[in-house]
Amino acid sequence: ATLAQALTDRPPTARGIDRSPPRCRRHRLRAAMGGRPGTAAGRRGGGGRSGGSTGAFCEALVCNKALAVATLDTEVDVCSDPRVLDGMSPAQELCNAVSMAALSGVGVCCWLLQPPWFVRGPRTAAAIAGAAAHLPFSMWYHACLSRRALEDAIENWPRRLDQSFIHLMCVAQSWALSTSAAFAWFCTLANAYFAFRLCFQCPGALERMVNIGIGVFLFGLAGLARGDVEEFLKAACWFTVGISAMVCRLGGWGHSIMHICLGGLSYYILVSASKIASPEWSEFGAPGAEAAAGD
């Protein structure tokens, strides 16, 4: 009965249990137990460690395993521990933190090694700085998840800051890739709005992901508008493969694979930004303008 109540939209009506609508299934489970798993409130909700089947159910939720609950013709995966994101282990979360360095690492290597196509300048510096600014917040969030230091893996300030700095990175890439100040300002305002909602209005998980996707698409559109079709398509392939790996999870390693794929995205961002930073762009405004000026 307690499990059935936890999986419905209506919270339990027992005395002492919060009657406000929980935000997600993990909160409904917590409300059904009368508190966080493993706490005194949770044990009271289940009748204690020796409180029969309800107590056994509450104790089962403490284990870091997903429960499959058959409800009519469907099967619902229930996360047993709200501190865990997508069932990833501490080792996988550490790998997530380390692999995030691929995004800014590609830029740093290009800046230091300076391959023939790379041009040092304000645009490439902005692209690298945006990725580097996001890195510590992403590593902090995944390190916290690895230590199980967050009561909720989704609703917390480390995650909000992680995703807010993704929007800041999108702003930096927009200025790096756009030759239109008006479009760059539009991207800046859009990402600022997304970050504001993220921090102060608590949007749902789907809206957060959609907003990040819009931010990435907008700065990619800046390069596409200039005619960098090849770089846009290659960067989009890296991004699509990474997002697909994250969605498919791949045994918990999909998130790390997504971070590594962001290194490929960063590479083609720098290729596109270097084209604008080249002498042909900086002096004449666009490739071919030199010949037009000579005529």
Side-chain angles (χ1 to χ4, degrees), residues 102-134 165-195 209-246 258-295:
L103 180 61
S104 55
V106 169
V108 172
C109 289
C110 289
W111 186 274
L112 296 177
L113 301 177
Q114 200 170 6
W117 55 265
F118 183 81
V119 178
R120 290 179 179 174
R123 292 182 180 274
T124 51
I128 297 171
H134 166 254
F165 273 81
I166 292 177
H167 288 295
L168 176 65
M169 178 174 59
C170 290
V171 170
Q173 312 300 350
S174 299
W175 285 96
L177 297 175
S178 178
T179 54
S180 169
F183 183 76
W185 275 113
F186 171 75
C187 295
T188 300
L189 294 176
N191 281 282
Y193 171 73
F194 295 151
M209 294 297 104
V210 170
N211 290 345
I212 290 174
I214 292 174
V216 173
F217 176 75
L218 285 177
F219 75 70
L221 192 61
L224 185 63
R226 293 196 332 270
D228 284 349
V229 179
E230 182 179 354
E231 285 74 20
F232 176 85
L233 293 178
K234 290 179 178 179
C237 286
W238 279 101
F239 185 73
T240 302
V241 170
I243 294 299
S244 300
M246 183 182 69
M258 183 269 291
H259 286 174
I260 295 172
C261 289
L262 292 180
L265 173 66
S266 176
Y267 178 86
Y268 288 106
I269 289 173
L270 294 172
V271 171
S272 184
S274 293
K275 287 185 177 182
I276 314 175
S278 63
E280 290 80 5
W281 273 96
S282 61
E283 185 176 356
F284 299 100
E290 182 178 3
D295 295 339

Distance-only, no hydrogens or angles: does the Q173 side chain make a donor-acceptor pair with backbone N or O of A127 under 3.5 Å? yes
Minimum side-chain heavy-atom gap L270-W117 below 4.5 Å: yes
Among L103, I269, V108, which one satisfies side chain to side chain contact (heavy atoms under 4.5 Å, CB included) with I128? V108
Within-4.5 Å side-chain heavy-atom neighbours: K275 and E231: yes
Could you tell me if the side chain of V216 sits less than 4.5 Å from the side chain of C170, heavy atoms only? yes
Evaluation steps, side chain to side chain contact (heavy atoms under 4.5 Å, CB included), between S266 and L262: CA-CA 6 Å; S266 176; L262 292 180; over 6 Å; no
Distance-only donor-acceptor pairs under 3.5 Å for side chains of residues 182-192, two or more places apart:
unit_1 : atom_1 : unit_2 : atom_2 : d
T188   : OG1    : W175   : NE1    : 3.0
T188   : OG1    : A184   : O      : 2.9
N191   : OD1    : H167   : ND1    : 3.0
N191   : ND2    : C187   : O      : 2.8

On a heavy-atom basis, which atom in L221 and which in F232 lie closest, and how many Å separate them? N-CE1, 4.3 Å
May I ask you to test the R226-T179 pair for a side-chain heavy-atom distance under 4.5 Å? yes
For I260 against A102, the heavy-atom pair lying closest together: CA-CB, 4.1 Å
Under the 3.5 angstrom rule, does the side chain of R120 hit a backbone N or O of W111 as a donor-acceptor pair? yes
Atom pair CG (L265) and CD1 (I243), whose distance is rounded to the nearest 0.5 Å: 9.5 Å
Could you grab the distance from atom CG of L233 to atom OH of Y268, nearest 0.5 Å is fine? 11.0 Å
Between the OG atom in S272 and the NZ atom in K234, the distance rounded to the nearest 0.5 Å is 12.0 Å
Side chains of F118 and V271, heavy atoms from C-beta outward: is any pair under 4.5 Å? no
Is any side-chain heavy atom of S244 less than 4.5 Å from a side-chain heavy atom of F239? no
Got a second to check how far I276's CD1 is from T124's OG1, nearest 0.5 Å? 10.5 Å
